[in-house]
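This report refers to the structure that appears directly beneath it.
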Protein chains: 4
Amino acid sequence: MESTPTKQKAIFSASLLLFAERGFDATTMPMIAENAKVGAGTIYRYFKNKESLVNELFQQHVNEFLQCIESGLANERDGYRDGFHHIFEGMVTFTKNHPRALGFIKTHSQGAFLTEESRLAYQKLVEFVCTFFREGQKQGIIRNLPENALIAILFGSFMEVYEMIENDYLSLTDELLAGVEESLWAALSRQS
Amino acid sequence: MESTPTKQKAIFSASLLLFAERGFDATTMPMIAENAKVGAGTIYRYFKNKESLVNELFQQHVNEFLQCIESGLANERDGYRDGFHHIFEGMVTFTKNHPRALGFIKTHSQGAFLTEESRLAYQKLVEFVCTFFREGQKQGIIRNLPENALIAILFGSFMEVYEMIENDYLSLTDELLAGVEESLWAALSRQS
Amino acid sequence: MESTPTKQKAIFSASLLLFAERGFDATTMPMIAENAKVGAGTIYRYFKNKESLVNELFQQHVNEFLQCIESGLANERDGYRDGFHHIFEGMVTFTKNHPRALGFIKTHSQGAFLTEESRLAYQKLVEFVCTFFREGQKQGIIRNLPENALIAILFGSFMEVYEMIENDYLSLTDELLAGVEESLWAALSRQS
Amino acid sequence: MESTPTKQKAIFSASLLLFAERGFDATTMPMIAENAKVGAGTIYRYFKNKESLVNELFQQHVNEFLQCIESGLANERDGYRDGFHHIFEGMVTFTKNHPRALGFIKTHSQGAFLTEESRLAYQKLVEFVCTFFREGQKQGIIRNLPENALIAILFGSFMEVYEMIENDYLSLTDELLAGVEESLWAALSRQS
DNA sequence: GATGAATGAGACTTCATTCAT
DNA sequence: GATGAATGAAGTCTCATTCAT
């Protein structure tokens with residue numbers, strides 16, 4: 001019934017936590033093996049090598065992040081602001097379903113070990129949000145900043161807030177989320 | 001007269017660039033030595049070891065970042081919004097005077113190799129801006145979000161924008177800076 | 001009726017080819033399993049371990065090589081030169097019946113993994129030919145060189161020629177074989 | 001004065017002995033380091049990796065073997081048979097100056113780790129002797145066998161004899177050498 | 001009997017650090 | 001003070017072998 005072997009999942013989970021916590025280079029394969037409660041050699045049955053592991057992990061989570069955002073937007077929406085709300089909600093959903101994953105993505109998205117495929121996956125994610133912004137700019141709703149600046153503001157803020165939550169510098173409440181969403185909307189939208 | 005020997009400076013500069021570009025773990029001491037045009041052993045005359053080097057580098061730049069912000073605020077100011085402008089300008093000044101330094105700070109601020117002292121230096125920087133925010137909240141100018149959320153939004157956005165610039169995804173113009181400042185002010189301030 | 005199970009034979013054949021081609025150390029047990037179309041664990045039903053496998057393989061083929069030579073000589077013979085012809089023919093027969101086997105023997109006869117028993121089997125082979133040479137020396141037909149030198153010349157040449165054939169640097173023809181036999185006879189026999 | 005560092009020489013010597021004795025795969029880098037009385041890491045200051053080491057070792061000795069043969073032939077010679085004598089003498093000289101080297105060459109000349117350059121060096125050696133044989137065939141002195149067969153007989157015999165000497169199955173005397181030379185000449189030359 | 005997923009010992013290799021020059 | 005050759009601890013990865021199915 002299980003399509004993905006149990007051990008592979010354990011390796012994936014352990015990797016995510018360790019990479020997010022310590023970074024790719026500072027995480028050793030024996031560390032991963034121990035945390036996944038698996039022999040060191042077992043990792044290599046499921047992943048060609050350490051780089052392969054980090055790339056698969058990265059792509060899977062970036063893709064799922066994108067899915068969360070997309071499926072948020074796919075819902076019927078009530079105006080552009082509501083579309084933004086869905087995107088924001090998608091981002092929140094992702095962070096809730098995949099603890100530490102956003103921290104992992106953030107600290108590894110510039111890594112030299114990323115393959116072209118991984119970079120493309122990330123690029124696709126960025127592109128999707130850019131498209132949404134372009135539409136808003138056409139409608140005169142979104143600020144007239146370069147798309148990359150808008151992305152940097154949205155993702156930079158969100159990821160940093162998220163990291164504060166994971167590190168217990170902030171506690172995750174609906175109130176906080178609503179406040180951050182409002183703040184980011186103000187950052188991105190033209191002020192009336 | 002020269003308090004800091006020439007070689008030490010060379011090591012510092014080379015380290016900054018390499019750490020910013022490749023990260024702490026992926027940067028080797030021989031690499032630093034070569035880029036600093038210094039023998040590998042010479043580094044150990046000036047720094048106890050690699051961790052010591054990265055910590056001194058981190059602290060120095062965090063402190064200088066703080067100085068830039070503080071000295072921005074120290075100027076006579078014309079209302080709270082103008083104070084924010086000075087802080088923003090201080091941040092910009094820092095990035096201009098210390099290329100790659102903000103990238104280095106961003107990617108190393110969670111490193112396991114950071115000493116308590118380094119963490120405190122970073123904390124002090126955060127604290128300073130928090131104080132500024134608290135004041136603004138008292139005056140009803142700044143949003144009623146947790147201070148850490150405000151910091152996350154300000155620093156997260158700024159660092160990400162800055163990284164885009166360094167990686168040539170954005171070009172540094174006064175217009176861009178003005179736009180980003182305006183956006184961040186909107187994110188942080190209560191909307192009238 | 002079948003005394004040797006089919007799978008064991010498959011393992012033997014696959015091992016021979018791989019050991020001959022890549023050598024003992026560069027051949028992995030999974031490789032053997034795959035080529036023998038057998039599970040990796042199955043090999044251990046028939047052989048205690050990798051060393052055991054290579055030793056049994058070595059002994060079997062050395063013994064069979066010896067048999068080919070012996071049975072060549074066993075035929076009624078027409079003088080000493082004709083005896084040599086039978087020996088040579090036996091060697092040729094062996095190489096024809098057991099492709100790659102001589103290459104395997106040649107490249108593994110000095111291996112550190114060989115047991116005393118394997119070395120003795122090889123020694124027995126050498127001894128048999130030595131005895132034949134001693135007889136020839138008594139009759140004044142074979143050169144007055146140390147037996148080991150005679151063996152080295154005969155086996156060294158033959159194995160090297162054989163390897164050239166297997167690697168397609170030489171093509172196996174009756175003419176070639178006749179020529180080589182004549183050459184080796186000249187090398188070993190006293191010139192009239 | 002010393003152009004090649006002492007340690008590199010020690011590594012070379014230790015490698016040669018170990019590779020000759022146990023083969024490439026069965027020889028570990030720590031083994032080499034220990035025998036060379038050098039730290040394991042030191043080997044990598046002089047050789048890129050294990051394959052690089054074995055290839056440099058192989059090429060150097062093959063080239064020197066060729067030089068010995070060539071410089072033997074370069075001497076003024078008194079007829080074709082005398083030329084063969086010089087070649088044989090060159091081979092003997094090489095084995096005397098480079099103990100174990102011929103055994104190393106013999107057991108590694110088919111290795112999968114050899115680079116194209118190494119194969120070419122070996123090919124050049126073979127080619128040189130082939131040319132000598134071709135000349136002899138034109139003069140009707142050398143047997144009408146394929147060149148590769150002649151090479152196989154000469155090298156195969158010589159290397160095997162040599163290995164017997166190194167393993168103390170034969171003792172190296174002028175008498176033995178004279179006898180082997182005479183035997184090999186008989187193997188290669190047309191009988192009058 | 002047969003299998004192949006799992007293991008961990010041990011191989012190759014890198015690199016922070018030392019120290020003789 | 002400055003150097004860089006030398007080191008060995010530690011990391012990545014392979015593969016002979018076992019054992020639950």
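Chain naming here is simple, since letters A, B, ... match the order of the sequence lines and numbering starts at 1 in each.
Checking dA5(E), dG4(F), dC13(F) against every side-chain atom of R45(D), the shortest atom distance belongs to dG4(F). For Y44(D), the side-chain atoms get nearest to dT14(E) when compared with the rest of dG4(F), dG1(E), dT14(E). Of the candidate nucleotides dT3(E), dT7(E), dA6(F), dT7(E) has the atom lying nearest to any side-chain atom of T42(A).
In this structure, K48(B) and G39(A) both approach DNA chain E, and ranking their closest nucleotides by distance from the 5' end singles out G39(A). Residue order along DNA chain E, read from the 5' end via each residue's closest nucleotide, puts G41(C) first among G41(C) and G41(B). With the nearest nucleotide of DNA chain F identified for both K50(A) and V38(D), V38(D) has the one nearer the 5' end.
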Between L53(B) and I32(B), is a side chain to side chain contact (heavy atoms under 4.5 Å, CB included) present by the stated rule, with each step listed?
-> CA-CA 11 Å; L53(B) 168 57; I32(B) 296 172; 3.9 Å; yes
Start with the C-alpha gap between I105(A) and Y122(A), add the side-chain angles, then the distance that decides, and say whether side chain to side chain contact (heavy atoms under 4.5 Å, CB included) holds.
-> CA-CA 9 Å; I105(A) 292 175; Y122(A) 191 74; 3.9 Å; yes
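One interatomic measurement links the two molecules: CD1 of I43(B) to C1' of dT18(E), which rounds to 13 Å at whole-angstrom precision. Between F47(B) atom CZ and dA2(F) atom C1' the separation is 15 Å, expressed in whole Å. To the nearest angstrom, P of dC12(E) lies 13 Å from CZ of F113(D). Distance, I11(A) CD1 to dA6(E) P: 8 Å, rounded to whole Å. For the pair K37(B) NZ and dG4(F) P, the interatomic distance rounds to 14 Å; values are reported in whole Å.
Taking a 6.0 Å sphere around CD of E117(B), one finds it holds 12 or fewer heavy atoms contributed by other residues, nucleotides or ligands. Within a 6.0 Å radius of CD in Q60(A), more than 12 heavy atoms belonging to other residues, nucleotides or ligands are found.
In this model, the phosphate group of dA5(F) is not approached by any side-chain N or O of Y46(D) to a distance below 4.0 Å at OP1 or OP2. Distances shorter than 4.0 Å separate some side-chain N or O of K7(B) from OP1 or OP2 on dT3(F).
For DNA chain E, none of the residues of residues 15-34 of chain C falls under the heavy-atom distance limit of 4.0 Å.
For dT21(F), the paired nucleotide is dA2(E), the pair qualifying as Watson-Crick or G-U wobble because both relevant distances are below 3.5 Å.
Under the 6.0 Å cut-off for aromatic ring centres, F47(B) and F12(B) qualify, their centroids lying closer than that.
Between F24(B) and H108(B), the angle of the ring planes goes over 60°, which puts this pair in the perpendicular group of the 30/60° scheme. Classified by interplanar angle (parallel below 30°, tilted 30° to 60°, perpendicular above 60°), the ring pair F58(A)/F104(A) is perpendicular.
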